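Reading through the structure tokens given below for one structure.
Just so you know, these numbers come straight off a predicted model, no measurement behind them.
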Amino acid sequence: MLAAVPKVHTVTLGAVRKVPYTQPDATPDTKSDETSTLKVRPLFVDDRQKEWTMGELHDITDRTFAIRRALRINDSLPSDSTAHWIWQPGPWIMVDRVTGHITALHLPDFDPVVSNAVWFRDYAAYCGTANTPKGGLFAIVVQLGARRAVVQKLIGKWPQTDHFIPVCQPAQWQRLPMRVTIKPTGGEATTYDVLGTASIIEEGDNSDDN
């Protein structure tokens, strides 16, 4: 008996389009200053759109990449007579080019408004916010497949009523030795040594649920 031939999938990103975006913490007085746009792209597996995405993709391996979701959220109040939809930055996903499988990445303390993940290999570095009564702004380095963050260091107070936009500058990576520098905007930069090896687990070639 011949083994079943795995289905070959095609993963593509569509054309970029600009959509309106307003920071969630904007007020009626600052809305005009906070309003900007997001550049979003559809993600297709074969000929079916699976997600809206934003930003550049990051190749983790030769078959998997990470990209950030863009969310279209229903912003209608119960009293509204017509639908009102808004766009917001979303979390990260990982896409397998072979199987077409999409995996949600649950990055610790990732804040869609504050966090700007910068990738190197299978590591992501960013500023995160604690979802606890004490709050706090944290420097985070996470490795895919690891149970705990490689770095989780308190670097400031959060929430802040008057904060810089962006809250942190993009992380700066160094290859040898592997280090990353994270700097709050207007604050002091801190550099962290990162030790470890690739821990990502890829889907098997026969995994086919799309």
Side-chain angles (χ1 to χ4, degrees), residues 11-58 65-95 100-119 124-140 142 144 149 155-171 184-186 210:
V11 178
T12 57
L13 290 170
V16 174
R17 59 178 282 198
K18 291 184 178 180
V19 297
Y21 168 63
T22 301
Q23 289 272 354
D25 57 358
T27 66
D29 294 333
T30 63
K31 183 178 179 181
S32 60
D33 294 330
E34 303 292 343
T35 301
S36 58
T37 59
L38 295 178
K39 294 181 179 179
V40 302
R41 292 186 291 177
L43 170 69
F44 294 96
V45 177
D46 301 328
D47 58 350
R48 297 173 57 192
Q49 182 178 342
K50 294 290 189 176
E51 299 282 356
W52 283 103
T53 69
M54 57 177 285
E56 298 299 320
L57 66 82
H58 167 70
F65 67 87
I67 195 166
R68 196 169 177 185
R69 292 183 67 201
L71 303 177
R72 196 162 183 250
I73 299 174
N74 182 4
D75 192 50
S76 302
L77 293 171
S79 58
D80 291 341
S81 58
T82 58
H84 182 218
W85 295 87
I86 61 172
W87 290 90
Q88 293 288 338
W92 284 81
I93 55 177
M94 184 172 66
V95 184
H101 187 66
I102 298 172
T103 304
L105 297 180
H106 302 289
L107 304 181
D109 293 332
F110 185 86
D111 185 326
V113 177
V114 172
S115 304
N116 178 22
V118 178
W119 293 83
Y126 53 93
C127 286
T129 59
N131 201 11
T132 64
K134 290 185 178 181
L137 183 69
F138 286 80
I140 304 289
V142 61
L144 298 185
I155 57 174
K157 295 181 179 179
W158 195 265
Q160 301 172 13
T161 55
D162 186 14
H163 59 82
F164 289 99
I165 299 176
V167 176
C168 290
Q169 297 299 302
T185 303
N210 290 278

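Contact detail for D75 and D80: the closest heavy-atom pair is O-OD2, 4.3 Å. Across all their heavy atoms, L71 and P91 have their closest contact at CD1-CD, 4.3 Å. Across every non-hydrogen atom of F138 and A130, the tightest pair is CE1-CB, 3.4 Å. Scanning all heavy atoms of the two residues, the minimum distance from N74 to H84 falls at OD1-O, 3.5 Å. In this structure, T185 and P166 approach most closely via the heavy-atom pair OG1-O, 2.8 Å. Summarising the geometry of I93 relative to A104, their closest heavy-atom pair is CG2-CA, 4.2 Å, with the distance given to 0.1 Å.
Residues Y21 and P89 form a side-chain contact, since some pair of their non-hydrogen atoms from C-beta on lies under 4.5 Å apart. With contacts defined as side-chain heavy-atom distances shorter than 4.5 Å, the pair L137/C168 qualifies. The closest side-chain heavy-atom distance from N116 to C127 is not below 4.5 Å. Two residues are said to be in side-chain contact when any heavy atoms from C-beta on lie closer than 4.5 Å; L13 and I67 meet this criterion. The shortest distance between side-chain heavy atoms of F65 and M94 does not fall below 4.5 Å. The shortest distance between side-chain heavy atoms of R17 and W52 falls below 4.5 Å. You'll find the side chain of H101 stays beyond 4.5 Å of the side chain of V45, heavy atoms only. Two residues are said to be in side-chain contact when any heavy atoms from C-beta on lie closer than 4.5 Å; I102 and L43 meet this criterion.
At distances below 3.5 Å, not a single donor-acceptor pair connects side-chain atoms of T53 with backbone N or O atoms of R68. Under a 3.5 Å cut-off, the side chain of D46 and the backbone N or O of R48 do not form any donor-acceptor pair.
Separation of atoms CG (L107) and CD1 (I140) is listed at 10.0 Å; rounding is to 0.5 Å. Rounded to the nearest 0.5 angstrom, K39 NZ and M54 CE are separated by 11.0 Å. If you take OG on S36 and NZ on K18, they are separated by 10.5 Å, rounding to the nearest 0.5 Å.
Taking the six-membered ring where tryptophan is involved, the planes of F110 and Y126 are perpendicular, since the angle between them exceeds 60° and thus also 30°.
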Review point. Stepwise, does the side-chain contact (heavy atoms from CB on, under 4.5 Å) test hold for W119 with L144?
Key: CA-CA 11 Å; W119 293 83; L144 298 185; 3.9 Å; yes

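Results of the side chain to side chain contact (heavy atoms under 4.5 Å, CB included) test with F44 over E51, K50, Q49 single out Q49 as the only residue that passes.
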